[in-house]
Asker: 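Here it is: the structure, laid out below.
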Amino acid sequence: MACRTICQLLQRRLASSAASVRLSAAEVRGQRSAVFSREQARQRSLYPRTEKIEVTLQIPGLQGTLLVMNKGLSTPHSCARHLTEWYVTSSALALVDGKPWSLHQPLTQSCSLSLLTFKDTDPLLVNQAYWRSCAALLGQVLQDAFKEDFSVELLRLPEVLVTSGAFCCDVVLDPQLDAWSPSEESLRSLTRGAQQLIHRDLPWEPLEVAPPVALEVFSHSRCKQEEVEEKSAQSPKGTVILYRCGDHVLLSGGPLAARTGLCSQYEVTAIHPLGEGKWGLHRRAQGLSLPLQQQAHHTVWRKLRSRAEKLVEVPTGSTNEAISDTLTRPSAPEQTPPHTPQQ
């Protein structure tokens, strides 16, 4: 235990000194993704021999069906591919031995497996993962939207109820942008950026890592280093789970949906100033979305969007609360920014 603590402290000091070296946003993304790939390859090398596991399906109509899969390599998505195309395209999340499990997270032992979709009788867990994924997608868009000479620091993703009306992503922009307030065109530009990622249908790749690896991934973000230490301290295994979408790596408070292509209607609705915080001027970016298997008439969408423009209040100290299964809240002053997000 002492060795691990010393290792974390040394890693954090190295990370903090690295954080003082200013890299471009593209260089930071590349460094994070490279560390992710290296650790992913290392973990896969732990299974040099093909070892079989038995996966028992808990799916209506396929109850008790047995699949023989590869330990440490096969994922719930791999299992879905042994079924019909509908399960491949519609599954958003899995239950492994009754626990929420990313569709792309490898299975490490024989288990029972359920595949969850938005059409399930109780879509609570799927809606939780979807709302988180929409917020993570918004964070990715924000990091890519501004010119290279402006820094963008993503804060901890707030866990909000779907009934709050909007998913949220808290962010600190470069101090040069403190006076900026987004115009409608800026919000449309962010929405287009999100729709491009949705069109690419990118998977959310999960990776469970030890704190030193996560600290190296986020070596240029003191904010994320603190979040890594908090999450690892709260984890029974002392680990954290990273997700990668394209070359964007993030921390999440829970499992994400299988892929960006599960989003259908998606719109960035507001960016609210929250006032000065620990890392600078905190802002809350908000948006509204519906998954591929659900659609809203344009009149209903307008009403939902109106709610999604109002500021979503997040209780101080709130963690991963249960998220319900409807849609709702986010408004912000409008003016032309000094530099609108790039398309």
Asker: By ring pair (Phe, Tyr, Trp, His ring centres under 6.0 Å), which residues pair with Tyr243, not counting sequence neighbours?
Answerer: none

Asker: With no hydrogens and no angle check, is any side-chain donor or acceptor of Ser114 less than 3.5 Å from a backbone partner on Gln58?
Answerer: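 Indeed, once roles are kept as given, a pair shorter than 3.5 Å links the two residues.
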
Asker: Specify the closest pair of heavy atoms between Pro76 and Leu115, including all atoms of both residues, with the distance to one decimal.
Answerer: O-CD2, 4.1 Å

Asker: Hey, mind stepping through Leu242 and Leu250 against side chain to side chain contact (heavy atoms under 4.5 Å, CB included) and telling me if it holds?
Answerer: CA-CA 6 Å; Leu242 306 178; Leu250 77 149; over 6 Å; no

Asker: So among Leu113, Thr65, Leu83, Leu116, which one has a side-chain contact (heavy atoms from CB on, under 4.5 Å) with Ile59?
Answerer: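 Of Leu113, Thr65, Leu83, Leu116, side-chain contact (heavy atoms from CB on, under 4.5 Å) with Ile59 is met by Leu83 alone.
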
Asker: So, Ser186 and Ser183: side-chain donor and acceptor under 3.5 Å apart, yes or no?
Answerer: yes

Asker: Looking at Ser37 and Arg244, what are the two nearest heavy atoms and their distance?
Answerer: OG-NH1, 2.6 Å

Asker: Of all heavy-atom pairs between Trp131 and Leu288, which one has the smallest distance, and what is that distance?
Answerer: CH2-CD1, 4.4 Å

Asker: Please answer whether the main-chain N or O of Phe150 pairs with a side-chain N or O of Asp174 as donor and acceptor at a distance below 3.5 Å.
Answerer: no

Asker: Donor-acceptor check, side chain of Thr89 to backbone of Glu85, threshold 3.5 angstrom: yes or no?
Answerer: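 Between the backbone of Glu85 and the side chain of Thr89 there is a qualifying donor-acceptor contact (under 3.5 Å).
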
Asker: Roughly how far apart are Leu274 CG and Glu313 CD, rounded to 0.5 Å?
Answerer: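 One gets 8.5 Å once the value is rounded to the nearest 0.5 Å.
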
Asker: Between Gln295 and Ser264, is there a side-chain donor-acceptor contact under 3.5 Å, judged purely by atom types and distance?
Answerer: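 Yes - a donor-acceptor pair under 3.5 Å links their side chains.
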
Asker: Check each of Glu51, Arg49, Lys52 against Lys71 using the side-chain contact (heavy atoms from CB on, under 4.5 Å) test, and report the only one that passes.
Answerer: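 Among Glu51, Arg49, Lys52, the one meeting side-chain contact (heavy atoms from CB on, under 4.5 Å) with Lys71 is Glu51.
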
Asker: Ignoring hydrogens and geometry beyond distance, is a side-chain donor-acceptor pair present between Thr50 and Asn70 at under 3.5 Å?
Answerer: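 No pair is found: no donor N or O on one side chain lies under 3.5 Å from an acceptor on the other.
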
Asker: Where the side chain of Gln265 meets the backbone of Ala296, is there a donor-acceptor pair that is under 3.5 Å apart?
Answerer: yes

Asker: With side chain to side chain contact (heavy atoms under 4.5 Å, CB included) as the criterion, how do His282 and Glu276 come out once you've worked through the C-alpha distance, each side chain's angles and the decisive distance to 0.1 Å?
Answerer: CA-CA 6 Å; His282 290 203; Glu276 284 295 323; over 6 Å; no

Asker: Do the side chain of Ser102 and the main chain of Pro255 share a donor and acceptor less than 3.5 angstrom apart?
Answerer: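 The answer is no, because no donor-acceptor pair under 3.5 Å joins these two groups.
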
Asker: Decide side chain to side chain contact (heavy atoms under 4.5 Å, CB included) for Ser91 and His77; before the verdict, give the C-alpha distance in whole Å, the side-chain angles of both, and the deciding distance to 0.1 Å.
Answerer: CA-CA 8 Å; Ser91 298; His77 182 260; over 6 Å; no

Asker: Within the distance-only criterion (no hydrogens, no angle test), does the side chain of Ser90 pair as donor or acceptor with the backbone N or O of Trp86 below 3.5 angstrom?
Answerer: yes

Asker: Who are the salt bridge (charged side-chain N to carboxylate O under 4.0 Å, His left out) partners of Arg32, not counting sequence neighbours?
Answerer: none

Asker: Would you say the side-chain atoms of Glu54 pair up with the backbone N or O of Cys111, donor to acceptor, closer than 3.5 Å?
Answerer: no

Asker: Ignoring hydrogens and angles, tell me if any N or O in the side chain of Ser33 forms a donor-acceptor pair with the backbone of Gly30 under 3.5 Å.
Answerer: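 No, because the side chain of Ser33 does not come within donor-acceptor range (under 3.5 Å) of the backbone of Gly30.
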
Asker: Between Glu27 and Ser24 (side chain of the first, backbone of the second, donor and acceptor by atom type, cut-off under 3.5 Å), is there such a pair?
Answerer: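 A pair under 3.5 Å: yes.
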
Asker: Suppose we screen for ring pair (Phe, Tyr, Trp, His ring centres under 6.0 Å). Which residues come up paired with Tyr266, at least two apart in sequence or across chains?
Answerer: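 So Tyr266 forms a ring pair (Phe, Tyr, Trp, His ring centres under 6.0 Å) with Phe167.
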
Asker: Got a second to check how far Ser252's OG is from Ile241's CD1, nearest 0.5 Å?
Answerer: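 Nearest 0.5 Å value for the OG-CD1 distance: 8.5 Å.
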
Asker: Looking at CG of Asn127 and OG of Ser133, how far apart are the two atoms once the value is rounded to the nearest 0.5 Å?
Answerer: 11.0 Å

Asker: Under a plain distance cut-off of 3.5 Å, with no hydrogens placed, do Tyr130 and Ser289 share a side-chain donor-acceptor pair?
Answerer: yes

Asker: Given His248 and Leu154, is the side chain to side chain contact (heavy atoms under 4.5 Å, CB included) satisfied, shown in steps?
Answerer: CA-CA 12 Å; His248 178 72; Leu154 297 182; 3.8 Å; yes

Asker: Drop me the distance from Gln143's CD to Asp247's CG, to the nearest 0.5 angstrom.
Answerer: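 The CG atom of Asp247 is 10.0 Å from CD of Gln143, to the nearest 0.5 Å.
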
Asker: Kindly say whether Ala210 contributes a backbone atom to a donor-acceptor pair with the side chain of Thr239 at under 3.5 angstrom?
Answerer: no

Asker: Hey, could you give me the CG/SG distance between Leu157 and Cys134, rounded to the nearest 0.5 Å?
Answerer: 11.5 Å

Asker: Measuring from Glu227:CD to Leu251:CG, what's the distance to the nearest 0.5 Å?
Answerer: 5.0 Å

Asker: Within the 3.5 Å criterion, strictly below it, is a donor on Ser232 or Ser235 matched to an acceptor on the partner's side chain?
Answerer: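 Per modelled atom types, Ser232 and Ser235 side chains form no pair under 3.5 Å.
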
